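Let me begin by presenting the structure, written as structure tokens, before commenting on it.
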Amino acid sequence: MRPFAGIEPSPAFPAPRAMRSAALDEGVATLSRVGGRTAAGLARLGISTIRDLLYHRPRRYELPAPRVAIGDLLVGQDATIEAEVVSASIRRTRRRNLSIVEGHVRDESGSVMAWWFNQEWLAGRLVPGARVLLRGAVERGNFVVRNYDLRGDGGLEAILPVYPASEAIASKRVRELVRRVIGRIADLGDPLPAELRSRLRLPLKADAVAALHTPRSMAEAERARQRLALEELVVLQLGLGSRDGSAGALVAPALAPPDELVSRYRGALPFELTDAQERAILEIDQDLALETPMERLLQGDVGSGKTVVALYALLRAVESGYQGVLMAPTETLAEQHFLTVEQICAELGVACVVLAGGVARKKQHAARRALASGEAAIAVGTHALIQESVEFRSLGVAVIDEQHRFGVEERRALAPVGDGHPLEPHRLSMTATPIPRTLALTVWGDLSVTEIDTLPAGRRPIITRWVTHERSSEAYQRLTRHLGDGRQAYIVCPLVSPSEAIEARAAEDEAARLRGQELRDFAVGCLHGQLPTGQRRAVMAAFGRGELQVLVATTVIEVGVDVPNATIMIVQEADRFGLAQLHQLRGRVGRGADQSFCLLVSRPKEELTDAACERLQALVDSDDGFALAEVDLELRGEGQLLGTRQTGLSDLRFTRLRSDGDLLEEALEIARSLDVGDGPLADEVARMFGDEDHRGIA
């Protein structure tokens with residue numbers, strides 16, 4: 001029997017077994033019957049080695065479904081049937097990407113037609129007379145199979161792990177591969193000291209990994225996850241504790257109290273600030289009054305008014321004789337910010353410049369000169385702002401929008417250069433992808449978090465519907481009604497131009513099609529990132545003025561676009577977008593007082609992965625960005641949500657930070673008591689952070 005939590009500790013503590021890292025770090029392509037397509041599908045899930053497979057945590061578990069005789073099946077009932085194959089065939093459908101394997105199966109009580117979607121290779125395995133175990137439910141008169149066992153070894157009657165998967169590789173295939181390598185868990189070793197494991201009654205790491213993938217109960221699966229999460233958080237804290245120990249010595253300019261400039265700014269706004277915005281401003285004012293550099297994360301849902309608060313912080317720097325900078329991850333977002341900021345700053349007499357790759361070289365030179373001389377008080381731009389050729393005379397406040405898209409070093413690169421300026425700027429990071437406070441504190445221990453948790457007055461919840469391609473004509477009928485009422489609309493496509501590799505509507509082709517068909521009576525524009533900067537600005541300006549009634553676009557409109565008259569959005573191939581991205585896109589509508597709609601168009605549910613269905617259903621069920629961020633954490637992993645791949649951190653594979661607060665506190669205490677040295681713990685720290693710099697830290 002496999003030992004697990006609660007076993008009596010051994011009185012002797014032998015040295016940890018050396019980890020056979022070379023064996024576990026072999027590529028998955030070294031496994032038999034794993035070809036290039038499977039390896040590529042695994043890579044999209046972050047799995048490239050045997051170790052990655054062992055660390056691939058199940059997203060959920062399916063408890064065994066009751067065995068039911070075919071004659072007793074009920075519509076919609078989750079059931080397992082044991083049957084004999086009578087015949088099998090492949091049925092083509094009118095849809096290019098859909099085929100159905102039909103297996104006629106029977107038992108003593110009756111027979112039924114079992115359906116598998118897009119698994120044509122199974123037809124050759126379903127030979128007459130074969131005994132099979134099938135799990136699924138009766139839908140539309142057929143038994144739609146979710147899981148199956150062609151060997152009849154009872155595998156469906158155990159707790160079944162369901163792994164994160166994609167269209168390129170199914171959860172069942174991942175499960176098969178994990179089962180093939182589970183015998184190699186002994187090579188994992190155990191980085192936690194034996195004394196610590198004994199004191200906390202922790203199972204061995206190998207036992208925990210085994211229980212994670214093959215639990216005997218749901219309680220055992222959760223205990224295994226928590227054991228692995230605790231180790232993961234300890235290793236994370238050890239690595240973070242070794243970074244940048246000099247941060248406390250940095251000094252920033254202590255800004256004078258708010259004065260006449262920000263007073264005029266408040267007066268120029270055509271609306272009253274919300275209570276949440278006022279709280280954010282108060283916290284920022286308190287930070288700016290200190291010589292300790294502000295490190296604050298401003299997070300709020302789409303349309304909550306973060307930019308208004310960010311501009312306030314920039315103007316605070318300007319009125320105290322310093323400069324401000326706003327850096328965005330894309331040219332489109334930087335351009336939108338610049339148009340907003342420049343319009344208000346022109347009224348206030350504050351000079352602004354923009355720096356981005358698409359800006360003409362002559363204008364870039366002029367902008368750099370203006371920043372170096374101090375003639376320009378505020379700069380807005382992209383990564384172009386952190387080039388060596390860019391110097392600020394006296395940078396006081398730096399705002400980084402969509403901060404999770406930048407690496408740590410990129411965010412830190414906004415520092416004063418030139419004139420021998422010794423001071424660090426105050427930094428305000430912004431995100432519309434809400435990050436749970438525990439997660440922010442885990443990765444950035446010194447980061448203060450401010451939440452704008454209310455929307456401006458008069459905003460109405462956006463009604464979201466999920467429809468299949470067959471019903472997309474209804475979506476366009478609703479859209480044309482909005483256009484007929486004088487409103488505007490977005491149509492979002494996942495590609496710029498057609499691709500043979502991906503069956504998706506391209507923005508350019510869709511715009512051309514709509515101009516000649518459904519929307520021939522309306523002005524349709526097209527916007528994507530491959531357009532020249534000047535052309536992008538012209539299209540956006542025309543849409544903002546109402547000269548274009550429909551904007552067909554790619555995800556360049558994901559952030560920064562604000563047209564209150566746009567009240568409806570259709571997202572084509574919505575299953576191809578991430579949850580956070582879909583929520584950001586949806587936020588382009590609903591920015592006025594009128595009721596707005598978001599229509600998600602996708603393939604039928606049976607053609608989608610479980611994760612894709614969960615993403616779309618979550619968006620239909622909620623318009624709360626914080627709630628959706630929690631769902632996204634479960635679906636994508638904490639590390640991916642943070643963009644920590646850019647900082648050198650790998651994903652947090654086992655931790656559920658929305659529920660593991662107690663584990664986090666315990667990990668902090670453990671990390672403070674450990675001496676990493678050069679042993680297995682140092683190896684784990686180096687592996688998590690993707691480098692060798694953490695070996696030997698104390």
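Small disclaimer: the values here were computed from a predicted structure and weren't measured.
- You'll find the side chain of D285 reaches within 4.5 Å of the side chain of R316, heavy atoms only.
- At least one donor-acceptor pair under 3.5 Å links the side chain of R536 to the backbone N or O of L531.
- The distance from the CD1 atom of I462 to the OG1 atom of T567 is 10.5 Å, given to the nearest 0.5 Å.
- Remark: side-chain polar atoms of T274 are paired, donor with acceptor, to backbone N or O of Q277 under 3.5 angstrom.
- Distance alone, capped at 3.5 Å, is enough to place a donor-acceptor pair between the T480 side chain and the Q477 backbone.
- Summarising the geometry of R520 relative to Q517, their closest heavy-atom pair is NH1-O, 2.6 Å, with the distance given to 0.1 Å.
- Within the 3.5 Å criterion, the main-chain N or O of S99 finds no donor-acceptor partner in the side chain of R92.
- Taken to the nearest 0.5 Å, the CG atom of L288 stands 9.5 Å off from the CZ atom of R296.
- Relative orientation of the H482 and F597 rings is perpendicular, given thresholds of 30° and 60° on the angle between their planes.
- Around atom CD of E375, no more than 12 heavy atoms belonging to other residues, nucleotides or ligands sit under 6.0 Å away.
- With rounding to the nearest 0.5 angstrom, the CD atom of Q535 is 9.5 Å from the CG atom of L527.
- In this structure the side chain of I568 never reaches within 4.5 angstrom of the side chain of V589, judged on heavy atoms.
- Side-chain contact, R279 with T450: no donor N or O sits under 3.5 Å from an acceptor N or O.
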Practice task
Please report the C-alpha distance between L311 and C345 in whole Å, then the side-chain angles of each, then the deciding distance to 0.1 Å, and finally whether the side-chain contact (heavy atoms from CB on, under 4.5 Å) criterion is met.
Solution key: CA-CA 9 Å; L311 182 51; C345 285; 4.2 Å; yes

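- With hydrogens and angles ignored, the 3.5 Å screen pairs a side-chain donor or acceptor of N565 with a backbone N or O of G486.
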Exercise for the section: Just do the side-chain hydrogen bond (donor to acceptor under 3.5 Å, both in side chains) check on S596 and R460 with the steps written out, would you? Expected result: CA-CA 8 Å; S596 292; R460 301 171 68 177; over 6 Å; no

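- Between Y322 and F392, the gap from one ring centroid to the other reaches at least 6.0 Å.
- The environment of CZ in R471 is sparse: at most 12 heavy-atom neighbours from other residues, nucleotides or ligands sit within 6.0 Å.
- For D275, the CG atom sits in a loose shell: 12 or fewer heavy atoms of surrounding residues, nucleotides or ligands are nearer than 6.0 Å.
- Considering H528, Q530, R513 as possible partners of E508, the one that fulfils the side-chain hydrogen bond (donor to acceptor under 3.5 Å, both in side chains) test is H528.
- Here the shortest heavy-atom pairing between L261 and L315 reads CD2-O, 3.7 Å.
- When all heavy atoms of A328 and A334 are compared, the closest pair comes out as CB-N, 3.9 Å.
- With sequence neighbours excluded, the residues that form a side-chain contact (heavy atoms from CB on, under 4.5 Å) with S602 are W466, D575, L608, L616.
- Here the CG atom belonging to L269 is positioned 6.0 Å from the CD1 atom belonging to I344, to the nearest 0.5 angstrom.
- Of the possible donor and acceptor atoms, none in the side chain of E573 sits under 3.5 Å from a partner among the backbone N and O of C493.
- Counting heavy atoms from C-beta outward, V308 and Y265 have side chains that approach closer than 4.5 Å.
- F338 places none of its side-chain heavy atoms less than 4.5 Å from the side chain of V353.
- We find the CG-CG distance between L599 and L479 to be 8.0 Å, quoted to the nearest 0.5 Å.
- Two residues are said to be in side-chain contact when any heavy atoms from C-beta on lie closer than 4.5 Å; C598 and I463 fail this criterion.
- Counting non-hydrogen atoms of other residues, nucleotides and ligands closer than 6.0 Å to CD of E278 gives a total above 12.
- Distance alone, capped at 3.5 Å, places no donor-acceptor pair between the R478 side chain and the E474 backbone.
- T382 and E331 share no side-chain donor-acceptor pair at under 3.5 Å.
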Exercise for the section: Show your working on side-chain contact (heavy atoms from CB on, under 4.5 Å) between V325 and L371 and close with a plain yes or no. Expected result: CA-CA 10 Å; V325 61; L371 290 173; over 6 Å; no

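- Judged by the 6.0 Å distance and 45° axis criteria, R615 is not positioned over the aromatic ring of F577.
- Within the structure, salt bridge (Lys or Arg N to Asp or Glu O under 4.0 Å) contacts touching residues 336-365 (residues at least two apart or in different chains) do not occur.
- Q488 places a side-chain N or O within donor-acceptor distance of the main-chain N or O of L548, the cut-off being under 3.5 Å.
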Exercise for the section: Could you go through the side-chain contact (heavy atoms from CB on, under 4.5 Å) check for E510 and L514 one step at a time? Expected result: CA-CA 6 Å; E510 183 72 349; L514 291 170; 3.8 Å; yes

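- Of the listed residues (D401, I386, V399), just one forms a side chain to side chain contact (heavy atoms under 4.5 Å, CB included) with M327, and that residue is I386.
- Of all heavy-atom pairs spanning L551 and C526, the tightest one is CD1-N, 4.4 Å.
- Looking only at side-chain heavy atoms (C-beta outward), V556 and L333 stay at 4.5 Å or farther from each other.
- Contact of the I400 side chain with the M430 side chain is not registered, since no non-hydrogen atoms from C-beta on lie closer than 4.5 Å.
- You'll find the side chain of D594 reaches within 4.5 Å of the side chain of R487, heavy atoms only.
- Taking a 6.0 Å sphere around CD of Q617, one finds it holds more than 12 heavy atoms contributed by other residues, nucleotides or ligands.
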Handout entry: CA sep, side-chain torsions, deciding dist, call: L297, T431, side-chain contact (heavy atoms from CB on, under 4.5 Å)
Key = CA-CA 8 Å; L297 175 65; T431 181; 3.9 Å; yes

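- No donor-acceptor pair under 3.5 Å is formed between the side chain of Q364 and the backbone N or O of L355.
- Residues that satisfy the side-chain contact (heavy atoms from CB on, under 4.5 Å) test with R537, not counting sequence neighbours, are E335, V354, V359, T533.
- The two residues A507 and A553 come nearest to each other via the heavy atoms CB-C, 4.5 Å.
- For the pair E272 and R266, the salt-bridge criterion is not met [side-chain N within less than 4.0 Å of a carboxylate O].
- Distance check: E451 CD to Q299 CD gives 5.0 Å after rounding to the nearest 0.5 Å.
- A165 and S171 make their closest contact through CB-N, 3.4 Å (heavy atoms, listed as atom of the first residue, atom of the second, distance).
- In this structure a side-chain-to-backbone donor-acceptor pair under 3.5 Å is missing from E260 to E319.
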